[in-house]
Protein chains: 2
Amino acid sequence: MDLELTVDRASPVPLYYQLSRQLEVAIERGRLRPGTLLGNEMRLAGSLGLSRPTVRQAIQALVDKGLLVRRRGVGTQVVRSQVKRPLELTSLYEDLEAAGQRPTTRVLDLATVAAPPEVAAALGLAPGAEVRRLERLRLTHGEPIALLRNYLPVGLLAVDRTALEGTGLYRLMRAAGTTLHSARQSIGARAATAEYAELLAEPVGAPLLSMERTAYDDTGRPVEYGSHLYRATRYAFELQLLIRP
Amino acid sequence: MDLELTVDRASPVPLYYQLSRQLEVAIERGRLRPGTLLGNEMRLAGSLGLSRPTVRQAIQALVDKGLLVRRRGVGTQVVRSQVKRPLELTSLYEDLEAAGQRPTTRVLDLATVAAPPEVAAALGLAPGAEVRRLERLRLTHGEPIALLRNYLPVGLLAVDRTALEGTGLYRLMRAAGTTLHSARQSIGARAATAEYAELLAEPVGAPLLSMERTAYDDTGRPVEYGSHLYRATRYAFELQLLIRP
DNA sequence: CAGTGGTCTAGACCACCTC
DNA sequence: AGGTGGTCTAGACCACTGT
């Protein structure tokens, strides 16, 4: 199979990760074709000078990503379907950027306000507590795609208007040291009101995709609540998901 | 902390799984409160008579589920947010059932037809190849919720009309030995046409949620293509997702 | 500094699948 | 029967966190 797998023991990168990454790249580039059987774990370990548990750890990471399947008595195979990303937090900005769409953002509003009831509930604050509200219009090629309204606990992020026009909110939050851990989102549909229709350049009554989301950091603290509206003619949510037995 | 953790070495259930399950139940029942530090891995291993790798394997499973967080130099903590299910394949029937909604199904059509182009592409078949088509109306309390149109490769499932009226498609597929592994779905919105409006008891032009999905088994073979329409006034997709660093 | 999780090793036995 | 992954052990050293 001559995959030229190697590990560098002098590197600070964990050995299992070095191996896992090389296998992942080989699968992405088609050097390991769907259905291919990896050599058995003992042989792989031997040829790389690693122990079997380390090789297993590398393989397990790719099984968790859905790229490999293990079968007892058979071996480890490359999955036949084209798994892309195992479902990440949908970041509209990064999604559009990855699709080569060159997104732009117009900041419509940026203020500190009393939290509306549903926002206070989502962020675990007292009703009426202060929160940062930001309202943005996201566009590609000058065409509006979505209206984004977000609420953040005060003090979490020094929100900068020009920074917001150049990148996505999540990237700013990560850069400020907030590590996102989980999120709950609800996706629905509704008809455009006159106000939203004008902002999004759709006729009144046009179907819009709506998404409400609460995101948490790794201590379980709510760090963001968002209520977004998307033009259904220009955007749809793409999800890839894995089913665990 | 007196959690009364025990393992049964005579059981065929893997030790790491026994431990993992007990911790999971303790978290669900609130016996391990959010923020609680688990004892360190060595002590846990010693008190249970297990090796550290086995204890780590148990903990890792819960970290992957988003229930625990590990911090080097600190310890392993119960996550503070209320993680529900880590996002399963959305099965409308099972979702409604779990919510106590007593779903019912009306089978509108069940036939073998030539695959439309998008279906053939999704299922990896030649254009015009034969597929099983089923069209169902899903209701709760006599109210329509969704119009479900599915395509299956012929021969995969002996589709039984009465069975379809009593349960969900995925449950039937699992019972027939098909193990689902991954799926791609796209969620959008559109306005109700006259035909769909009548079936779903909505006005013409009402916003509907749409979902297209291709599901694969663990060999990567496409096993189902679905194109569904939901009443936006009665249904929304709830997703819980974890962000991996 | 002491304590934590992160990584790694070199074995072992077992359950399952294919031939 | 032979080969595969699944589980488990008893050690070891390191990197990071808190005091």
Side-chain angles (χ1 to χ4, degrees), chain A residues 1 5-23 35-64 67-79 177 179 181 218-219 244-245, chain B residues 1 5-23 35-64 67-79 177 179 181 218-219 244-245:
Chain A
M1 193 179 305
L5 296 170
T6 54
V7 291
D8 171 12
R9 303 194 85 96
S11 161
V13 178
L15 300 175
Y16 82 89
Y17 188 79
Q18 293 183 36
L19 175 53
S20 175
R21 199 71 193 94
Q22 286 178 60
L23 291 173
T36 308
L37 275 170
L38 260 59
N40 77 48
E41 299 175 349
M42 303 274 275
R43 196 156 47 234
L44 253 180
S47 71
L48 286 164
L50 298 174
S51 67
R52 185 180 165 212
T54 301
V55 170
R56 275 185 68 78
Q57 193 176 359
I59 292 176
Q60 186 61 45
L62 298 184
V63 171
D64 289 341
L67 293 174
L68 296 177
V69 182
R70 291 205 246 232
R71 295 170 198 277
R72 208 185 325 217
V74 179
T76 302
Q77 269 182 309
V78 180
V79 161
T179 60
H181 175 265
D218 57 7
T219 72
R244 303 248 144 272
Chain B
M1 192 178 303
L5 296 170
T6 55
V7 291
D8 172 11
R9 302 194 86 97
S11 161
V13 178
L15 300 175
Y16 82 89
Y17 189 79
Q18 293 183 36
L19 175 54
S20 174
R21 198 72 193 93
Q22 286 178 59
L23 291 172
T36 308
L37 275 169
L38 260 59
N40 77 48
E41 298 174 349
M42 303 274 275
R43 197 157 46 236
L44 253 181
S47 71
L48 286 164
L50 298 174
S51 66
R52 185 183 166 210
T54 301
V55 170
R56 274 185 68 79
Q57 194 175 359
I59 291 176
Q60 187 60 46
L62 298 184
V63 170
D64 288 341
L67 293 174
L68 296 177
V69 182
R70 289 204 249 233
R71 294 170 199 277
R72 203 177 340 207
V74 178
T76 303
Q77 270 181 308
V78 179
V79 160
T179 59
H181 174 264
D218 57 8
T219 72
R244 301 250 143 271

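Both backbone and side-chain heavy atoms feed into the values below; hydrogens, waters and symmetry mates do not. Here the structure is a predicted model, which means the values were calculated and not measured.
The separation between L37(A) atom CG and dG3(D) atom C1' is 12 Å, rounded to whole Å. Distance D8(B) CG to dC8(D) P: 12 Å, rounded to the nearest Å. When the C1' atom of dC8(D) is taken as reference, atom CG of L48(B) falls 14 Å away, rounded to whole Å. Remark: P of dA15(D) and CD of E41(B) are 18 Å apart, rounded to the nearest angstrom. Summarising the geometry, the separation between CG on L62(B) and P on dG5(C) is reported as 14 Å, rounded to the nearest angstrom. Taking atom CZ of residue R56(B) and atom P of nucleotide dC8(C), one finds them 11 Å apart after rounding to whole Å. Residue R43(A) contributes atom CZ, which lies 17 Å from atom P of dG2(D) at whole-angstrom precision. Atoms CZ (R72(A)) and P (dG5(D)) sit 11 Å apart, rounded to a whole Å.
For Y16(A), no side-chain nitrogen or oxygen approaches OP1 or OP2 of dC8(C) to under 4.0 Å. Checking the phosphate oxygens (OP1, OP2) of dG6(D), a side-chain nitrogen or oxygen of R70(A) falls inside 4.0 Å. Taking 4.0 angstrom as the limit, N40(A) places a side-chain polar atom (N or O) nearer than this to OP1 or OP2 of dT4(D).
Nearer to the 5' terminus of DNA chain C, by closest-nucleotide assignment, is the contact made by Q57(A) (compared with the other of G73(A) and Q57(A)).
Applying the salt bridge (Lys or Arg N to Asp or Glu O under 4.0 Å) test to pairs two or more places apart or on separate chains, none has a residue in residues 5-14 of chain A.
To the nearest 0.5 Å, atoms OG1 (T6(B)) and CD (Q22(B)) are separated by 4.5 Å. Atom-to-atom distance recorded for L67(B):CG and I59(B):CD1 is 12.5 Å, nearest 0.5 angstrom. Atom CG of L44(B) is separated from atom CG of L5(B) by 6.5 Å, given to the nearest 0.5 angstrom.
Of all heavy-atom pairs spanning V13(B) and Q18(B), the tightest one is O-NE2, 2.9 Å. Closest approach of L37(A) to V74(A), counting heavy atoms only: CD2-O, 4.2 Å.
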Is there any protein nitrogen or oxygen under 3.5 Å from a nitrogen or oxygen in nucleotides 9-12 of chain D, and what are the pairs?
| from | atom 1 | to | atom 2 | distance (Å) |
| --- | --- | --- | --- | --- |
| dT9(D) | OP1 | R9(B) | NH2 | 2.6 |
| dT9(D) | OP2 | S51(B) | N | 3.0 |
| dT9(D) | OP2 | S51(B) | OG | 2.8 |
| dT9(D) | OP2 | T54(B) | OG1 | 2.6 |
| dA12(D) | N6 | R52(B) | NH1 | 3.3 |

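Across all strands shown, R71(A) has heavy atoms under 4.0 Å from sugar-phosphate atoms exclusively, and none from any base.
Between E41(B) and R70(B) there is a side-chain heavy-atom pair separated by less than 4.5 Å.
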